[in-house]
Number of protein chains: 2
Amino acid sequence: MFSIGEFSKITGLSIKTIRFYHEKEILIPSCVDSNTGYRYYDHSNVEKARIIIYFRNIEFSINEIKEILDNYNDQTDILDYLEQHKQTIEAKIRKYKNIVISLDNIISNEREAIAAIENSSFEIEEKSLEAILIAGVRMQGKYSDCGKGFTRIGKNFGRYICSKPLCLYYDDEYRPEDANFEACIPIRRSKEVEGISVRQLPAGRCISLLHKGPYDELGRSYAKILEYVNIKKYEIILPTREVYLKGPGIIFKGNPKNYLTEIQMMIK
Amino acid sequence: MFSIGEFSKITGLSIKTIRFYHEKEILIPSCVDSNTGYRYYDHSNVEKARIIIYFRNIEFSINEIKEILDNYNDQTDILDYLEQHKQTIEAKIRKYKNIVISLDNIISNEREAIAAIENSSFEIEEKSLEAILIAGVRMQGKYSDCGKGFTRIGKNFGRYICSKPLCLYYDDEYRPEDANFEACIPIRRSKEVEGISVRQLPAGRCISLLHKGPYDELGRSYAKILEYVNIKKYEIILPTREVYLKGPGIIFKGNPKNYLTEIQMMIK
DNA sequence: GGTAAGGTATCCCCTAAGGGGAGGGTCAAG
DNA sequence: CTTGACCCTCCCCTTAGGGGATACCTTACC
């Protein structure tokens, strides 16, 4: 016979836990002194404690353990119970895996944006772009409506998205209220969806400028890039591309001062 | 301005939850009528609710969300926070995967035992055994001490165990108190451990009998199999093998009436 | 047998994220 | 003015125990 303290050392359960299991009637001391209320435990209690610890370790609740201990005394009988519990655990794993995927997306997006800022001198550069597969929604109207286009593409191509969203501008002048543009997102795999154009965006040379700050200051960066084009006497191929490296985030709107946009003008 | 009921429909949060978030100061109504105590919400509350729901979905606690909302307003700033949270989630995934492995072991063990009972006629059979790799501990003394041997092998080869434990008996007579036997477990991979013999158990023909019931009734099954051997005039090769298909389980001792043991006597 | 240390008992409050319900006040339409 | 729907606060409940207060008990030592 062991006192509760000895029993605690033998089983590794805390005294509080042992008293709690007594209260819940899953681990009843073999003898309780009716005068003092002292609990005394024997070897069969040790065995039962071992079983309870096992079930707790595999995340069975006290109530489930109680039901198992009350109704079964052979492993064969609880097979279905175990099988069902396994399904529950597997569902949790799937849920947590989705969370990790979601976190990974946010983290890698942000890291890329940070890297873009660190690697950029915020000067005009000339560079080569590779061809990319995109899904695009052609729109007519206000620039600021492009969000709707992105949402629509996101709903249809969510899993295939492989890079930052961009807009293609087909006007050669600035017409914010009645623009002719296309909201696009680079994708990994093609799929037919009505109203969404899936195609390759051609490769080529371009002039690129990183714009840091709110969208309504984009004009300044456009002026800078157009001046450069004039000096160099380049011929521009429409549409102009605007890549949203960092904008209002998934979680926070963020500070517009940190928004990051890359303007790309293709040249002949 | 929305009443709490309208706000609940917009956000999908329950009214109780909205009040709770107010109490926790993470979602404070834009206006509270000081006479009636009625809460009224505006669009900025909707946005904040969206953020809170997002964080709750990826299993951030209310306190964590509070800290994030109080201290940050840009995704970039919480990257470390997200990274750390990801580690936590991944730890949970690992834990649950271990539970699933543990459950799988129990479940498949029991299923095999059930299948063995269903497929057996409990008659003597002759069959061929393939060679198996085993880890064994040679012992001298009481049969019932074999458990210690299994424990020892389990501690050293736990991950490599690939089938049911068995005992090899080197005596040709029944000597329960001073037996010469070897506790063995089939393993997947070899490893050097002092005091444990790892080797191939040879293939060959054997006479096999399934014994259902407690171990102290094994004598009857031995009598049956030896009678058969005499009639057929087979010559037996020691050691005799005793395979414990189902004994006292990991969880419950189980009912000895359902214990299942296979006796295998190798013949020339 | 007395004393002191340490073991044990019960009782109450606390956790996280809300849910359920009681009792009572408020709003808007008829 | 009434009625039904809506909203308020307050209290208790959930899991699996942990922390602490206070009182009683056991054991060792003198």
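Residue numbering restarts at 1 for every chain, and letters A, B, ... go by the order of the sequence lines. Nothing here was measured: the structure is a model prediction, and the numbers come from that model.
Side chain A:Lys16 to base D:dG20: a donor-acceptor pair is found below 3.5 Å. Between the side chain of A:Tyr21 and the base of D:dG17, no donor-acceptor pair under 3.5 Å is found.
Of the candidate nucleotides D:dA16, D:dG17, D:dC6, D:dC6 has the atom lying nearest to any side-chain atom of B:Tyr38. For B:Arg56, the side-chain atoms get nearest to C:dG18 when compared with the rest of C:dG18, C:dG25, C:dA16. With distances taken from any side-chain atom of A:Ile4 to the nucleotides D:dA16, C:dT8, D:dT15, the minimum falls on C:dT8. Nearest to the side-chain atoms of A:Ser3 among the listed nucleotides C:dT8, D:dA16, C:dG18 stands C:dT8. Of all nucleotides listed (D:dT26, C:dC27, D:dG17), D:dT26 comes nearest to the side chain of A:Thr36.
Taking atom CD of A:Glu23 as the reference point, atom C1' of C:dT8 lies 16 Å away to the nearest angstrom. Spacing between atom CD1 of A:Ile53 and atom C1' of D:dA16 amounts to 14 Å, rounded to whole angstrom units. Computed from coordinates, the B:Glu64 CD to C:dT15 P distance equals 17 Å when rounded to whole Å. The separation between B:Glu6 atom CD and D:dA5 atom C1' is 13 Å, rounded to whole Å. If you measure from atom CZ of B:Phe20 to atom P of D:dC11, you get 17 Å, rounded to the nearest angstrom.
The residue among B:Gly37 and A:Asn35 whose nearest nucleotide of DNA chain D is located toward the 5' end is B:Gly37. Nearest-nucleotide positions on DNA chain D place A:Lys24 closer to the 5' end than the other of A:Ile15 and A:Lys24. Each of B:Ser61 and B:Asp33 was assigned the nucleotide of DNA chain C with the nearest heavy atom; the assignment lying further toward the 5' end belongs to B:Ser61. Between B:Tyr40 and A:Gly5, the residue anchored nearer the 5' end of DNA chain C, judged by the nucleotide with its closest heavy atom, is A:Gly5.
At a threshold of 4.0 Å, the pair B:Asp104-B:Arg111 does not count as salt-bridged, since none of the basic side-chain nitrogens sits closer than that to a carboxylate oxygen. Ion pair A:Glu59/B:Lys95 flagged as a salt bridge, since at least one NZ, NE, NH1 or NH2 atom sits closer than 4.0 Å to an Asp/Glu carboxylate oxygen.
Counting heavy-atom neighbours within 6.0 Å of A:Lys191 NZ, excluding the residue itself, gives a total above 12. Other residues, nucleotides and ligands contribute more than 12 heavy atoms inside 6.0 Å of the CD atom of B:Gln140.
Residue B:Arg19 is classed as a base contact, given a heavy-atom separation below 4.0 Å to a base.
Look at B:Arg39 and you'll find a side-chain N or O under 4.0 angstrom from OP1 or OP2 of D:dC8. Contact between the side-chain N/O atoms of B:Ser14 and the OP1/OP2 oxygens of C:dG18 is not found at any separation under 4.0 Å.
B:Tyr72 and B:Glu67 share no side-chain donor-acceptor pair at under 3.5 Å.
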